[in-house]
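Source: prediction; values computed, not measured.
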Amino acid sequence: MDILNDIDLTIFVWINRWVGTSKIFDSLMSLVVSDYLIPVSSSMVLFGIWFGWKTEAMRELHQRSVIVAGVGVLITNLMVSASNLLYFRDRPFDVFDVNLLFYQPTDSSFPSNPVAIIIGISLGIFIVNKKLGSAFYCIAIIYGFSRVFSGVCYPGDIIGGVVLGHLGFSLARH
């Protein structure tokens, strides 16, 4: 486990050290990591999918995908909460001097709950629109990178969030 933590820390330090080298990139990452841009955009896309239909069959498929995404988010949140009861990981800024571009969350760093949620939503979108779902999946990965870059998560936290997002969605779909 120490080897994995060392690798995680090494990658984190390498990514986070770039904060402050480009005001434009820092501003972009501050926008991406915010609690608003990606989570609200994802919710708005689900809202559009719920109402974006031309036929009865399309309406049913779209609404079913939104329900599956919502149930997946619920299951994922329960798994993250259970995980946090078993294992609490301090955030990078609690342990190290980091370049922080975001407020200091107080919950466990592992797994990344926001990334898990956005992954689950992107998979729900993918059911009805492969291109849009794929785009949102890429956005979820960028969102995860922004959380590492901004000093609030380790890369392993993001990987854990991706895994739980997939698992929650898979359980909701079956």
Side-chain angles (χ1 to χ4, degrees), residues 7-9 11-49 65-66 68-81 83-84 89-94 98-170 172:
I7 292 169
D8 213 20
L9 178 59
I11 295 169
F12 169 80
V13 168
W14 186 83
I15 292 171
N16 184 251
R17 74 184 175 120
W18 295 102
V19 172
T21 60
S22 167
K23 286 188 179 203
I24 293 172
F25 194 72
D26 287 355
S27 296
L28 178 63
M29 286 295 103
S30 292
L31 178 64
V32 172
V33 76
S34 76
D35 289 336
Y36 305 107
L37 179 65
I38 306 302
V40 171
S41 297
S42 300
S43 299
M44 296 304 293
V45 168
L46 286 178
F47 183 78
I49 288 172
S65 74
V66 171
V68 168
V71 171
V73 165
L74 174 66
I75 292 169
T76 300
N77 272 323
L78 291 172
M79 290 188 302
V80 168
S81 295
S83 165
N84 292 165
R89 184 178 195 186
D90 288 324
R91 293 201 175 260
F93 56 78
D94 289 328
V98 303
N99 300 310
L100 194 61
L101 291 179
F102 193 64
Y103 68 86
Q104 297 180 349
T106 57
D107 59 338
S108 178
S109 186
F110 181 85
S112 175
N113 192 29
V115 170
I117 298 309
I118 301 303
I119 289 289
I121 290 173
S122 71
L123 293 170
I125 294 168
F126 188 81
I127 291 174
V128 294
N129 189 320
K130 306 291 187 238
K131 287 182 182 178
L132 186 60
S134 297
F136 261 88
Y137 194 89
C138 291
I139 288 169
I141 299 304
I142 292 167
Y143 185 54
F145 174 81
S146 75
R147 296 186 66 79
V148 175
F149 182 84
S150 299
V152 294
C153 289
Y154 294 100
D157 305 336
I158 304 307
I159 293 168
V162 169
V163 169
L164 285 186
H166 274 270
L167 184 58
F169 174 79
S170 295

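- Between atom CE of residue M29 and atom CZ of residue F145 there is a gap of 6.0 Å, rounded to the nearest 0.5 Å.
- Atom CD1 of I125 is separated from atom NZ of K130 by 12.5 Å, given to the nearest 0.5 angstrom.
- Contacts classified as side chain to side chain donor-acceptor pair (under 3.5 Å) and involving residues 114-127 (residues at least two apart or in different chains) are not found.
- Within the structure, every pair that satisfies the side chain to side chain donor-acceptor pair (under 3.5 Å) test and touches residues 32-46, not counting sequence neighbours, is listed here: D35-Y103.
- Side chain of N16 to backbone of I11: no donor-acceptor contact under 3.5 angstrom is found.
- Within the structure, the side chain to side chain donor-acceptor pair (under 3.5 Å) test picks out the following pairs touching residues 138-165 (sequence neighbours left out): R89-D157, S109-D157.
- Under the ring-ring contact (aromatic ring centres under 6.0 Å, His included) criterion, the residue pairs touching residues 116-142 are Y137-H166, with sequence neighbours excluded.
- Between the CD1 atom of I24 and the CG atom of L28 there is a distance of 9.5 Å, given to the nearest 0.5 Å.
- Between atom CG of residue L164 and atom CD1 of residue I117 there is a gap of 9.5 Å, rounded to the nearest 0.5 Å.
- Here the CG-CE distance, from N113 to M79, works out to 10.0 Å after rounding to the nearest 0.5 Å.
- The side chain to side chain donor-acceptor pair (under 3.5 Å) analysis of residues 19-31, with sequence neighbours excluded, yields no pairs.
- Distance CD1/I119 to OG1/T76: 10.0 Å, rounded to 0.5 Å.
- Applying the side chain to side chain donor-acceptor pair (under 3.5 Å) rule to D107 yields the partners R91; only residues at least two apart in sequence or on another chain are considered.
- What you find for G124 and A69 is that their closest heavy atoms are CA-CB, 3.9 Å.
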